[in-house]
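Scroll down for the structure; my scribbles are underneath it.
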Protein chains: 4
Amino acid sequence: MVTPRLPTAQRRRQIADAALRLLADAGVAGLTLVELGRAVGLSDASVLRHFKDKPAIVEAAIERFGELLAEDLPTDIADPLRRLGAFFVRRLAKVRAHPELMALAYDRRLRDAAGEAGTARVDAHIGRSARFVGACIDEAREQGAIGADVPTQMWVWIIAGLLRGASFAVPHGLGQDADLMLMSPERCWELVERILRGA
Amino acid sequence: MVTPRLPTAQRRRQIADAALRLLADAGVAGLTLVELGRAVGLSDASVLRHFKDKPAIVEAAIERFGELLAEDLPTDIADPLRRLGAFFVRRLAKVRAHPELMALAYDRRLRDAAGEAGTARVDAHIGRSARFVGACIDEAREQGAIGADVPTQMWVWIIAGLLRGASFAVPHGLGQDADLMLMSPERCWELVERILRGA
Amino acid sequence: MVTPRLPTAQRRRQIADAALRLLADAGVAGLTLVELGRAVGLSDASVLRHFKDKPAIVEAAIERFGELLAEDLPTDIADPLRRLGAFFVRRLAKVRAHPELMALAYDRRLRDAAGEAGTARVDAHIGRSARFVGACIDEAREQGAIGADVPTQMWVWIIAGLLRGASFAVPHGLGQDADLMLMSPERCWELVERILRGA
Amino acid sequence: MVTPRLPTAQRRRQIADAALRLLADAGVAGLTLVELGRAVGLSDASVLRHFKDKPAIVEAAIERFGELLAEDLPTDIADPLRRLGAFFVRRLAKVRAHPELMALAYDRRLRDAAGEAGTARVDAHIGRSARFVGACIDEAREQGAIGADVPTQMWVWIIAGLLRGASFAVPHGLGQDADLMLMSPERCWELVERILRGA
DNA sequence: CATGAATGAGCTTTCATTCAT
DNA sequence: AATGAATGAAAGCTCATTCAT
């Protein structure tokens, strides 16, 4: 088989992405070099020509995942609740588009794959979204848009819960509410905002 | 090595529990027979004298986890919101007491470990809590205790999100709100109930 | 399960017979202590209370097989061809009645199971029949009943070949001659004797 | 250890041949991957890089054995008895040259090693020689070279018996006839042919 | 840059064997 | 006499990794 040679930079990203997909679809046990090679059209040995070893691949995948998450964080919106809303809408759309992949954000599987070394990086990336949400909430509270009784962390978890919920292909709660999946992200946010303000 | 002998029934439970712990602490890759043996003080071969297979062990662990989750579902409380509150309080306490273990309820790792065969069982066990919550919400709504605008499934995910949040040993959002962990489950529920009613 | 206790002598024979059957039906790999136990209604550990170890069981099985073969050797018939005929008829009937079992006489599986130690015993037992046949032939030849040109050993192998052929449940040569299986041992011997005398 | 590399095609044949030898020499239980590796100068893991499975190795060995047997079947000789004779001479020479190996043709060990799946292949390969012999006999009988009284299948077994006899390194019948081993295959066939015609 | 060949480590599983009850 | 519990050894197999081509 003649495999087109690609510059390392491209290959690295390709491999990191494949690792993420594989981890999401097949779990830690499914992330093997052979499978990784198959995904990018290389042999297992060749995959390792672009990375020192497997942990290095996982590390790259984690960074890739971090970028994916960071994309959703808006920076240019002044109003905290509108900023939070923009994040929520983007993130929800992304979770719906790639439920398996985004489930990694609400899972410990990336940490497992990372081993001792990478755990902190994973937590940092995933925590970044949480900190963003928390900051929006705090700011909104200071402006009086949100009441003081419910602590910020609770709101953070509530929002994470809503986003995570969308990562189930089949919502394993009630069948009759499967149509929640059909509600637009914008409409969802309206409801969430009402909850935030109302409480 | 002289290992104290135990009747199979005891050993089976011991092994199933150890499997759950191991899965929670070390992930799918860390759940090996040798490690399992070490956990219960047996050799790897001896572990398999109590179970036909490794899959059989995972299966037992899943059932054990199902029991653990089922304990939290109250059946004798008529009022739906009080029933939901009782569940919330129990489950939250349990998640705080065993964060790593209970993270399995909000994770895809049990499914990964279960393989093709056991996935349905895992989903059934975990989904049972979700269905319980959904039923309480529906009932409460019929009684007019909860408004009609926010769909049930959303509340289910919100509550799951709050419980899942407690499974992080270090809340990876904001440090200043770590004291949320110190708020009593009962007090947490008060807040949640207020959100439910208020919206 | 309450297993009736049997005196060792009976158990030993029972186990040796089971070992023979197992070896014949399932091959060397199928001869395990657990399977042996199942066959005689004992646990694997209990089987070893009647024999020092597994080689000892195989050894007993070999002796048992030797007895089985020895039964077919007539001692009281003076005329060599009639003596040979009696053997042939008995042996053929036995091979037809227990093809799998008797296949062990034309196979190296017993030797494999016996290991270094038992090989000689196996050869002795199986060779005994061959020597018997050879002796009959030699004697008949001295009496002029058989010609001198075909060496004894050849006749021995011919007869062994005929007996061995009957150990195939399905004669894997020609289908149209399957009815050879239906020809009575006595009639078979008539044909064999004609060949012996005629040549 | 530095092992000289060989292209897979070569290795596969090498391994299949070694499997056959091992099976012949050490029996089903002796056919292990480690032993196989030792025979070809590889580690056990490396052996499996050339075959998917151990069963796949056995399968290849069986095909190899089939080829070995098929070599002996002449196709270009019109006269049936001469054709049979050519086969007999070749096969006898081969059995004498490789008694242990060729014993597999008169044994159930290949079937045991093959397991459920390969049994039919083994029977087909071994049966092919038998069918060949049967066809020669039938044809010769039609031409009147062989009498009608002895059924074909009997002759097939007789010939198989003679060939099988040569697979014993030490003819375990009579010692005084060990010199049968020294008789040339051609001379043996002369005797066999006389028996065939004479009856 | 890419790969085929080879390997060691580690995993699941089977099995003969020991021992306390 | 019988068994349940435990074990070490060895088998088959997977996988990350190395290296020569």
Side-chain angles (χ1 to χ4, degrees), chain A residues 1-8 11 29 31-37 41-57, chain B residues 1-11 29 31-37 40-55 57, chain C residues 1-8 11 29 31-37 41-57, chain D residues 1-11 29 31-37 40-55 57:
Chain A
M1 192 189 355
V2 181
T3 303
R5 299 180 167 211
L6 280 165
T8 281
R11 278 282 191 224
L31 180 60
T32 70
L33 289 174
V34 170
E35 216 57 41
L36 216 38
L42 289 180
S43 75
D44 52 345
S46 297
V47 172
L48 280 191
R49 294 208 24 107
H50 301 282
F51 289 95
K52 172 180 146 291
D53 54 10
K54 192 179 163 186
I57 298 176
Chain B
M1 196 192 344
V2 181
T3 302
R5 294 157 157 252
L6 281 177
T8 281
Q10 275 183 51
R11 279 281 189 226
L31 180 60
T32 72
L33 289 172
V34 170
E35 216 56 42
L36 213 40
V40 299
L42 288 180
S43 73
D44 52 347
S46 297
V47 171
L48 278 189
R49 280 193 53 89
H50 302 283
F51 287 94
K52 162 181 156 293
D53 255 335
K54 186 177 162 183
I57 298 176
Chain C
M1 198 191 345
V2 181
T3 304
R5 299 179 167 211
L6 280 159
T8 283
R11 278 283 190 223
L31 180 59
T32 70
L33 289 175
V34 169
E35 216 57 43
L36 216 37
L42 287 181
S43 74
D44 52 346
S46 297
V47 172
L48 280 190
R49 295 211 21 111
H50 301 282
F51 289 95
K52 172 179 147 290
D53 55 10
K54 193 180 163 184
I57 297 175
Chain D
M1 199 193 342
V2 182
T3 303
R5 291 155 160 255
L6 282 176
T8 281
Q10 274 183 52
R11 278 282 189 225
L31 180 61
T32 71
L33 289 172
V34 170
E35 216 56 42
L36 213 38
V40 299
L42 288 180
S43 72
D44 54 344
S46 297
V47 172
L48 279 189
R49 280 191 56 88
H50 302 283
F51 288 94
K52 160 182 157 295
D53 256 335
K54 186 178 161 183
I57 298 176

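Predicted model, so just to flag it, every value in this text is computed and none were measured.
- Taking atom CG of residue Leu42(B) and atom P of nucleotide dG8(F), one finds them 11 Å apart after rounding to whole Å.
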Checklist entry - Where along nucleotides 14-21 of chain F does protein come under 4.0 Å, by heavy atom, of base (B) or sugar-phosphate alone (S), with - for untouched nucleotides? => result BSSBBB--
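- The shortest side-chain heavy-atom distance between Arg11(C) and Leu42(C) falls under the 4.5 Å cut-off.
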Item to check | Worked verdict on Leu36(B) versus Lys54(B) for side-chain contact (heavy atoms from CB on, under 4.5 Å) | outcome: CA-CA 10 Å; Leu36(B) 213 40; Lys54(B) 186 177 162 183; 5.9 Å; no
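- Taking side-chain N and O atoms only, Arg11(C) has a distance below 4.0 Å to OP1 or OP2 of dA2(F).
- Interatomic distance, Phe51(A) CZ to Leu33(A) CG, rounded to the nearest 0.5 Å: 11.0 Å.
- The phosphate of dG4(F) has neither OP1 nor OP2 within less than 4.0 Å of any side-chain N or O from Thr8(B).
- At least one side-chain nitrogen or oxygen of Ser43(B) sits closer than 4.0 Å to the OP1 or OP2 atom of dT7(F).
- Rounded to an integer number of Å, the gap from Leu36(C) CG to dA16(E) P is 9 Å.
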Checklist entry - Using Watson-Crick and G-U wobble pairs with both distances under 3.5 Å, what is the 5'-to-3' dot-bracket string of DNA chain E, with [ ] for crossing pairs and | for pairs outside the strand? => result .||||||||||||||||||||
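- OP1 and OP2 of dC1(E) both lie 4.0 Å or more from every side-chain N or O belonging to Ser46(A).
- Phosphate contact (OP1/OP2 of dG4(E), side-chain N/O of His50(D), threshold under 4.0 Å): absent.
- Here the OG1-NE2 distance, from Thr8(C) to His50(C), works out to 5.0 Å after rounding to the nearest 0.5 Å.
- Considering only heavy atoms from C-beta on, Asp44(D) stays 4.5 Å or farther from Thr32(D) through its side chain.
- For Pro7(D), the listed nucleotide lying nearest its side chain is dA5(E); candidates were dA5(E), dA6(F), dA1(F).
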